[in-house]
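Everything quoted here is computed from the prediction, not taken from an experiment. For this chain, numbers begin at 1 and follow the sequence in order.
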Amino acid sequence: MGNSITVTQDLSKTAYDHLWMHFTRMSSYEKNPVPTIVRGEGAYIYDDKGKRYLDGLAGLFVVNAGHGRKELAEVAYKQAQELAFFPVWSYAHPKAVELAERLANYAPGDLNKVFFTTGGGEAVETAWKLAKQYFKLKGKPTKYKVISRAVAYHGTPQGALSITGLPALKAPFEPLVPGTHKVPNTNIYRAPIHGDDPEAFGRWAADQIEQQILFEGPDTVAAVFLEPVQNAGGCFPPPPSYFQRVREICDTYDVLLVSDEVICAFGRLGTMFGCDKFGYVPDMITCAKGMTSGYSPIGACIVSDRVAEPFYKGDNTFLHGYTFGGHPVSSAVALANLDIFDKEGLNQHVLDNESAFLKTLQKLHDLPIVGDVRGNGYFYGIELVKDKHTKESFNDDEIERVLYGFLSKALYDAGLYCRADDRGDPVVQLAPPLIATQQQFDEIEQILRSVFTEAWTKL
């Protein structure tokens, strides 16, 4: 292209030539147009041809307050005119201070210190680095290992990717950071034991964490990273008493409990933080996505006073930071977004409607391809199977043919943007904006019904 600046008419062609899309098989767009979204309004998005789609994933579990919120755009404009940028490296600015206080007030227990990042993966990276240095400052330098769950996704930076429990995602980048260990997740649909007793299954799954700590040696384990509802694998909620038992285990062995709430915070489950929904207090919360409803990027690691305490003494310093962490514009947008939550009662709206959403999706159980419908709040996964009675899953060829070759595109063509995924077992995930009502639930169910019915004929 040289130095010439061209005005591009064909966005799709230019996207293929220059925009390297994330987690995308680029060759699939060599001869096919790149779907291009140009506008959003409420729970809907519009492409460059003017076609409307229901945003069944809130962008990427992000646009919690819905698209087209002009008040958030205006707040960003006003803040950028006043102070567009200043770092929080040894300096403060008003919006970062206000937002830190607001998050501390929302967070449970003594989680009062807020370390800002620009996204979720960075927040997870921050939590692990903080845990390592915390134990060094406490005179326990051998405590550095992390325990997380099989099939769980915790982000793409080297540390966060090491904590991630998806081997196929990690293989291209190995060797990764050593010291990460995996335990079973809470997928009761495929439970190896106690599949008919949620209480016993929860106890068993939590006890696997204790076994792993004992196996590695309690003096080597720094932290356990868990999502309130595990995303990858298709929305695994915790069984009863699971988190209470995990908290007990972490306390027994002096291990920090990190609640990874990059998806589950800010109303996704109907509470400000997912740990509130399930009644546990972690030592750190990692969060991002819904904090601004996506109107500007920001993330945070919220830390308990106990963990922060040694860093506030003498010449101890947490040698870590991000240029854009706590960005003034993003901080201002986050505050305005949280005002919308309070003013419009978005959390309560989710609590009032979550069972209706689940019931609507459960209607799909009459289809032979639907094995399980699970989740919490406005966050559900539908697991697809080849045989309902044996729970037999698709083989690799069927996943390629049915999930990627047909389902993803067919759902989109039918006017529903959502995620068809095979990290773990084949699932379709749904997490619409928190403003969604029965009208959107019905629309989602009807599109899924028609596309699933056709997918069954392709097996």
Side-chain angles (χ1 to χ4, degrees), residues 23 57 60-61 120-121 124 128 145-174 176-177 179-195 198 201-202 204-209 211-212 223-239 242-243 246 257-264 268-269 274 278 286 371-376 379-386 391-396 398-400 403-404 418-431:
F23 282 99
L57 209 60
L60 196 60
F61 316 104
V124 170
W128 190 9
K145 294 175 186 171
V146 165
I147 293 169
S148 57
R149 294 185 292 203
V151 194
Y153 176 86
H154 291 284
T156 55
Q158 295 278 312
L161 185 58
S162 306
I163 296 169
T164 290
L166 294 153
L169 242 59
K170 303 183 339 172
F173 311 108
E174 286 174 336
L176 288 165
V177 184
T180 58
H181 303 274
K182 308 298 175 281
V183 295
N185 58 45
T186 61
N187 180 4
I188 195 166
Y189 181 66
R190 298 200 174 275
I193 187 171
H194 304 306
F201 174 64
W204 172 83
D207 284 347
Q208 301 309 298
I209 294 171
Q211 292 305 312
Q212 192 70 43
V224 173
F225 279 70
L226 304 172
E227 295 168 281
V229 175
Q230 182 175 317
N231 169 40
C235 306
F236 305 139
Y242 172 80
F243 275 110
V246 172
L257 176 55
V258 182
S259 194
D260 183 356
E261 308 214 5
V262 172
I263 289 175
C264 291
R268 184 50 56 197
L269 306 181
F278 301 117
T286 55
D372 194 27
V373 179
R374 56 183 176 247
N376 195 281
F379 188 33
Y380 293 102
I382 299 169
E383 183 170 335
L384 306 180
V385 292
K386 199 155 60 171
K391 302 185 183 177
E392 186 189 351
S393 195
F394 301 171
N395 61 34
D396 289 350
E398 288 158 343
I399 284 174
E400 193 60 42
L403 203 67
Y404 293 112
C418 62
R419 171 185 267 178
D421 192 22
D422 75 326
R423 297 179 301 176
D425 296 294
V427 291
V428 170
Q429 280 184 291
L430 299 151

**Student:** Is the shortest heavy-atom distance from the side chain of D422 to the side chain of F394 under 4.5 Å?
**Tutor:**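 Side chain of D422 against side chain of F394, heavy atoms only: no contact under 4.5 Å found.
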**Student:** Could you measure the distance from the CD atom of E227 to the CD atom of E261? Nearest 0.5 Å is fine.
**Tutor:**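 Going from the CD atom of E227 to the CD atom of E261 covers 9.5 Å.
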**Student:** May I ask you to check whether Q429 and N231 show a side-chain donor-acceptor distance below 3.5 Å?
**Tutor:**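 A pair is found: one side chain offers a donor N or O, the other an acceptor, under 3.5 Å apart.
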**Student:** With a 3.5 Å distance limit and no angle check, can you tell me whether Q230 reaches the backbone of F236 through a side-chain donor-acceptor pair?
**Tutor:**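 A pair under 3.5 Å: no.
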**Student:** Roughly how far, to the nearest 0.5 Å, is CZ of F278 from OG of S259?
**Tutor:**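 That separation rounds to 9.5 Å.
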**Student:** Looking only at heavy atoms, what is the nearest atom pair of Y242 and R149, with distance?
**Tutor:**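 Heavy atoms of Y242 and R149 come nearest at OH-NH1, 3.1 Å.
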**Student:** Taking atom OG of S393 and atom CD1 of I399, what is their separation to the nearest 0.5 Å?
**Tutor:**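 Interatomic distance, S393 OG to I399 CD1, rounded to 0.5 Å: 5.5 Å.
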**Student:** Distance from I263 atom CD1 to L269 atom CG, nearest 0.5 Å?
**Tutor:**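 Rounded to the nearest 0.5 Å, the CD1-CG separation comes out at 10.0 Å.
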**Student:** Return yes if some donor-acceptor pair links the side-chain N/O of T180 with the main-chain N/O of V146 below 3.5 Å, else return no.
**Tutor:**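 No, T180 side chain to V146 backbone: no donor-acceptor pair under 3.5 Å.
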**Student:** With heavy-atom distances below 4.5 Å as the criterion, would you say the side chains of W204 and P239 are in contact?
**Tutor:**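 A side-chain contact under 4.5 Å is absent here.
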**Student:** Determine whether a donor-acceptor pair (N or O, by modelled atom type, separation under 3.5 Å) exists between the side chain of R419 and the backbone of A431.
**Tutor:**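 Not confirmed, R419 side chain does not pair with A431 backbone.
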**Student:** When you compare the side chain of R190 with that of D372, does any pair of heavy atoms fall below 4.5 Å?
**Tutor:**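 In short, these two side chains do not touch, never coming nearer than 4.5 Å.
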**Student:** Would you compute the distance between atom OG of S148 and atom CD of Q212 and round it to the nearest 0.5 angstrom?
**Tutor:**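 Those atoms lie 9.5 Å apart.
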**Student:** Which heavy atom in V151 sits nearest to a heavy atom in A232, and how many Å separate them?
**Tutor:**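 Looks like O-CB, 2.9 Å.
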**Student:** Given 3.5 Å as the limit, does a donor-acceptor pair link the side chain of R374 with the main chain of P237, or not?
**Tutor:**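 Side chain of R374 to backbone of P237, a donor-acceptor pair under 3.5 Å: no, none is there.
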**Student:** Using every non-hydrogen atom in the two residues, find where V427 and G233 come nearest and quote the distance to one decimal.
**Tutor:**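 Of all heavy-atom pairs spanning V427 and G233, the closest is CG1-O, 3.5 Å.
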**Student:** Between I188 and P198, is there a side-chain heavy-atom distance shorter than 4.5 Å?
**Tutor:**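 Answer yes - side chains close enough.
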**Student:** Taking the side chain as every heavy atom from C-beta outward, state whether F243 and L226 have any atom pair closer than 4.5 Å.
**Tutor:**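 Touching, per the 4.5 Å side-chain cut-off.
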**Student:** Provide the full list of side chain to side chain donor-acceptor pair (under 3.5 Å) pairs with a residue in residues 152-174, sequence neighbours left out, each pair given once.
**Tutor:**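 Checked against side chain to side chain donor-acceptor pair (under 3.5 Å) - neighbours excluded - the pairs reaching residues 152-174 are H154-D260.
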**Student:** In the structure I gave you, are the side-chain heavy atoms of W128 and T286 within less than 4.5 Å of one another anywhere?
**Tutor:**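 Of all side-chain heavy-atom pairs linking T286 with W128, none is under 4.5 Å.
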**Student:** For L403 and A420, which heavy atoms make the closest approach, and how far apart are they?
**Tutor:**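 Shortest heavy-atom contact: CD1-CB, 4.0 Å.
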**Student:** Counting only heavy atoms not in N395, do more than 12 fall under 6.0 Å of its CG?
**Tutor:**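 Result for CG/N395: enclosed.
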**Student:** Can you name the residues that form a ring-ring contact (aromatic ring centres under 6.0 Å, His included) with F61, not counting sequence neighbours?
**Tutor:**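 F61 satisfies ring-ring contact (aromatic ring centres under 6.0 Å, His included) with F379 only.
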**Student:** Heavy-atom distance under 4.5 Å between the side chains of K145 and I147, does that happen here?
**Tutor:**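 Contact flag for K145/I147 side chains = no.
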**Student:** Which heavy-atom pair separates N376 from Y380 by the least distance, and what is that distance?
**Tutor:**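 Of all heavy-atom pairs spanning N376 and Y380, the closest is N-CE2, 3.4 Å.
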**Student:** Check whether any side-chain heavy atom of N187 sits under 4.5 Å from a side-chain heavy atom of D425, and report yes or no.
**Tutor:**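 Result yes, sub-4.5 Å side-chain heavy-atom pair found.
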**Student:** Please give me the minimum heavy-atom distance between P157 and G155, naming the atom from each residue.
**Tutor:**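 Shortest heavy-atom separation between P157 and G155 comes out as CD-C, 3.7 Å.
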